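Predicted model, so just to flag it, every value in this text is computed and none were measured.
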Amino acid sequence: MKNRLYKYYPEDFGELTVDVLHMDLTFDVYDDRTNVKSLLRVRTRDAPLETLELNCRDLEIRAVSCIQSEVSYRYRQDDAILEINFMDVIPPHTEIVVVTDTVCRPTKNILEGLYYDETPAGAPPQQITQCQQWGFQRIVPCIDDMCAKCTYRTTIIADSRYTNLITNGDVVVERHTVKPGRDKIVYENSVTPMATYLFFLGVGTYATFTREFEYPDGDTFMLELLVPPGSSVEAAEKALDILHDSAMWVYLFTGPEQFDEAKLPIRKELWELVRRRERMKLEAKPGATLEELRKVREKLAGLDRAITPGYKYTGTVYREIGMQNSDFGGMENVGNTTITTNRIMPFQQITDPAFEYMISVKVHEYYHNQNGSEVTGKSPFEIWLNEAVTVHVEEQYHAFLFGEDYQRLGRVLDLLAPASGTFALDSGAASMPIIPDGFNDPNDLITAVTYVKSPEYVRMVETLIGKDTFVRGLDRYFKKFKHSNATTQDWIEAMEEESGQPLKEMAETWLKQTKFPVVEVSAEYDMPSRKFTFFLKQQVPTGGKPWEFPFRAALVDENGKDLAEVLVKVSGETEEITIENVDMPSFLSLNRGYSFYGKLIYRASQEELLLQVRKDSDITGRFTAFYTLVDREKLRLLKVPGSAPSEDFIELYYRLFNDRQLLERAGGQFLTIFESVEDEEFAHHYQELYDVKQKLLKAVAWKYRNSMISAYHFFENVSVPEDTSLEETARVIKSRQAKNVCLGVLATLDTPEIHALIKQQFETAACATDRLSAFAAYLNSSAPDKIEVLRAFEAESKKNLVAWEAFLAVIGNNSSVDAVELVREMERSAAFRIEQTNDQRALYGSFARNRKKSLQTEEGRALFAEILRKLAPVNEYSTVNMLNAFANIDQMAPKYHIPLVKILADLLGELDSQKFPSVYNRIRKLLLGAPKAVKTYSIEHGEIKALQPEKSEKN
């Protein structure tokens, strides 16, 4: 028996024995249980059928029958299988109907199947489903497979006090009372055959807001928003505006001709005309206004015929439902998207990053109607495909509103972030390929590898074959596999057929190989021949293959003008790129636009980098030059303790603050300095890295204190919005970022004057971002009243779930001497609920990533061990994400090896591998990835039994 690191492997997903055609479901919902009657219609394939196995997890079986045959059944609970044996063999190509009568019971912490969500005061229990990937089998016996796509007719009977009884499809029998206190409604989902993981059912008490969506050709459907009772009408209407715009953008600016420059003015005119029409509809009055509205509609219809649009919704209602407790930020369910309530609309307490997330998640989940629902991956190993293309489109919409430079730089920061960044995850012991060898739970596949690395792979394909070809290939793929399932190979072949380029070998490496290319670049210029040559060399993993990727680079003169630009497909371990007849450049702009997912090693001089930071027209080139300069500066300070920051750095950082044009394009995020260095010797000295960053910022603040205060007030003035448009909100967010970076720099001075400035922002802030930025700075200061401020803000934050989540995140991430005790205090609070994922992620997740405290202090390790022990039985998904903090134990100082391995070894000894496979196997993977530390631990404490092959076989 093989020593399995995973519970599921590709060979566990074979062909279905039957075609699933239709499910007729009746849910009789009560407070503590739901009785479910199912008529499952299937058709046998080429072979006769004696036994049918249905997935069936934690259900009470009351009756099982088949209309066409007598049956016997056996419930194999350990396997989560309902085995149905037919008395008469069912012939090939024969339809049968299997009837089941079962009971499911919702829970508060298993956020799969039917579970309890946050219930409004005085209302019956709020109950919703989460079926990705295998939640459907927790509510009804079924073939819970991505290929089991079928139509549905769903009846819901529930307490009359619920304001909403909802599921997929269109209402075919309106809600009505069937007996005192019980209402009934019937839906039919017949247009888009639906995979089981996309099923949704909810009975709850909501405030419902609606808005008509009207296409340019006049076709309409309803947008619906379900949020907590008492929600702000203004915020709800703004949320519907944002949803409306995202759906309209998908229609107008995606599709097979979206990059046709000749049609772009028409699309833009349509966009503006739609906005005008919507304003007129709101203000519609008899007479002239209605006549003008008719003319606008006529013009829209005419312009609409001139373009080939993107996806057009097929249902009568598209609904967003707020879910307070979920492992996911959002989940597409045909016609019913669930979005974490704290991010579903622009609450007064929402932060700027949360606002950006809200915009992105709305367009993301809506686009899943096409990529995921209409065309569905074949197995969980295709989740990357459902997500990568969707994220790719989501990023286009974000760039449409915020600008290409801002969006792309934000993604680069996601890649480079030291604790939670994709490169950090993809290079540590927890690393996994885009298509992994196996998994323990489908939730294991919901990671930055799926949502960041795989879209970067898709982007590289787009770069290589061209944007026009890419969207035509995507259109080919969608048309060919509409209402069916597709494999990774199907997607690649569609791109190959459209482009005429071979892509399979590139895909094999990127999808199956962990980590990423690290490319060493050198260059030479031959003056007599005016020839420039790049020399590239990849670091290839042991036993691995070189990556294929697009490499975009430019030669740039001293004024920032491009002398030449190249885009080359790199496929070998080494590559030479020659540019003829070119002047000698002043600097090189490498990996432009972050053309490939990976890291570059190029030993540019300090002068070249300083010039590039100021002059490069490519925003990612400017930032990576800045990143390299800062990295060198941090490394110098780490190697020579007691040394002072250089004047070059201080001057550069100050000048960047005064480059208003740069910050308008890229936002304050350009000024990011991470608590990290590339040098492995110091990369995991977390406290020292924090101290060095503070030292750098303090040097800037000390020298330019008055100028920084002036800059702070400048950004304060320009971060006041002039109107409520999304474009203006985007501008304000960028300015506000710069203001709060400025405040953070000044905060390092830790003087009474700066304390007063911070406190003034905290007390007068008009938005949550400003308030939380000031609170975080004050908490890390030596201000004598900071605990009083904390207590007052804590009491205020407890009154609102959005504010409470943001408050907890600041506490978990704080760097003060009493950081660990503050986390303990918050988890003891009556307002903290360990079963709520928002609370888990905010407090525990931020503390886990705060590695200078959670891993490098004795009290932090003790708390982290307690958290993992308490959380594992409550939520495996959150626990696994927090365990990623241990991904680099071997690279840490030896003094940490034994205590960190002990935390994991102790937890491994306590966990049941069958009950908690994701946590159990993630710990094993982390320990197997830290052989030096495990060996040191074993000398003192003995072998870790769970890592031995014989023990693994028993498990």
Side-chain angles (χ1 to χ4, degrees), residues 348-354 653-654 657-658 663 667-669 671-673 675 690-691 693-720 732-797 803-804 806-819 822-823 825-826 842 846 850 852-853:
Q348 185 181 352
Q349 299 84 0
I350 201 170
T351 62
D352 289 344
Y653 201 73
Y654 173 68
F657 249 116
N658 288 282
L663 298 184
Q669 63 181 355
L671 300 162
T672 299
I673 296 179
E675 295 169 23
Y690 170 79
D691 294 339
K693 175 185 173 181
Q694 296 304 102
K695 190 175 188 178
L696 289 172
L697 297 180
K698 188 171 184 179
V700 176
W702 185 260
K703 182 171 182 178
Y704 292 108
R705 178 182 158 281
N706 291 331
S707 296
M708 293 296 288
I709 290 173
S710 296
Y712 169 81
H713 289 303
F714 169 81
F715 290 119
E716 185 177 39
N717 290 331
V718 298
S719 60
V720 176
V732 166
I733 284 174
K734 295 175 192 177
S735 298
R736 199 150 50 216
Q737 282 178 353
K739 176 182 70 173
N740 286 310
V741 172
C742 197
L743 186 71
V745 173
L746 288 167
T748 61
L749 295 173
D750 203 19
T751 62
E753 182 187 7
I754 298 302
H755 295 164
L757 181 70
I758 297 170
K759 192 171 182 181
Q760 181 184 32
Q761 175 168 313
F762 176 74
E763 292 177 342
T764 63
C767 69
T769 295
D770 283 351
R771 197 140 193 244
L772 285 158
S773 298
F775 175 63
Y778 213 64
L779 190 60
N780 289 331
S781 76
S782 62
D785 64 339
K786 72 174 187 178
I787 298 301
E788 296 168 33
V789 170
L790 183 150
R791 297 297 172 223
F793 193 38
E794 177 189 356
E796 178 188 325
S797 299
W804 178 237
F807 173 83
L808 289 176
V810 173
I811 296 298
N813 195 47
N814 90 91
S815 301
S816 63
V817 292
D818 45 4
L822 285 175
V823 173
E825 273 193 43
M826 295 312 142
S846 61
N850 191 359
K852 63 183 179 293
K853 300 294 184 182

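A ring-ring contact (aromatic ring centres under 6.0 Å, His included) check over residues 743-766, counting only residues at least two apart or in different chains, returns the pairs Phe762-Phe793. The list of salt bridge (charged side-chain N to carboxylate O under 4.0 Å, His left out) pairs with a residue in residues 758-769, not counting sequence neighbours, reads Lys759-Asp785.
A search for side-chain contact (heavy atoms from CB on, under 4.5 Å) contacts involving Gln348 returns nothing, not counting sequence neighbours. With sequence neighbours excluded, no residue forms a side-chain contact (heavy atoms from CB on, under 4.5 Å) with Ser710. Residues satisfying the side-chain contact (heavy atoms from CB on, under 4.5 Å) criterion with Phe714, sequence neighbours excluded, are Arg660, Val718. Taking Glu794 as the reference, Arg791, Lys798 meet the salt bridge (charged side-chain N to carboxylate O under 4.0 Å, His left out) condition, with sequence neighbours excluded. Tyr704 is linked by a ring-ring contact (aromatic ring centres under 6.0 Å, His included) to Tyr654, counting only residues two or more places apart in sequence or in another chain. Residues meeting the salt bridge (charged side-chain N to carboxylate O under 4.0 Å, His left out) test with Lys703, sequence neighbours left out: Glu647. With sequence neighbours left out, Phe715 forms a ring-ring contact (aromatic ring centres under 6.0 Å, His included) with no residue at all. For Ser846, the side-chain contact (heavy atoms from CB on, under 4.5 Å) criterion is met by Asn813, Arg849, not counting sequence neighbours.
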>> Under the criterion side-chain hydrogen bond (donor to acceptor under 3.5 Å, both in side chains), I'd like the reasoning laid out for Ser781 against Lys786: C-alpha separation, chi angles, the key distance, then a yes or no.
In response: CA-CA 8 Å; Ser781 76; Lys786 72 174 187 178; 5.8 Å; no
> Can you check side chain to side chain contact (heavy atoms under 4.5 Å, CB included) on Leu808 and Val823, steps first, answer last?
Replying inline: CA-CA 8 Å; Leu808 289 176; Val823 173; over 6 Å; no
> Do Glu796 and Arg771 pass the side chain to side chain contact (heavy atoms under 4.5 Å, CB included) test, and can you show the C-alpha distance, the side-chain angles, and the key distance before you say yes or no?
Replying inline: CA-CA 12 Å; Glu796 178 188 325; Arg771 197 140 193 244; 2.5 Å; yes
Would you be so kind as to tabulate the donor-acceptor pairs closer than 3.5 Å made by side chains of residues 737-746, with sequence neighbours excluded?
unit_1: Gln737; atom_1: OE1; unit_2: Gly668; atom_2: N; d: 3.0
unit_1: Gln737; atom_1: OE1; unit_2: Gln669; atom_2: N; d: 3.2
unit_1: Gln737; atom_1: NE2; unit_2: Tyr406; atom_2: OH; d: 2.7
unit_1: Lys739; atom_1: NZ; unit_2: Asp770; atom_2: OD1; d: 3.2
unit_1: Lys739; atom_1: NZ; unit_2: Asp770; atom_2: OD2; d: 2.5
unit_1: Asn740; atom_1: OD1; unit_2: Gln761; atom_2: NE2; d: 2.8
unit_1: Asn740; atom_1: ND2; unit_2: Arg736; atom_2: O; d: 3.2
unit_1: Asn740; atom_1: ND2; unit_2: Asp770; atom_2: OD1; d: 2.9

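Residues Met708 and Val700 come closest through the heavy atom pair SD-CG1, 4.4 Å.
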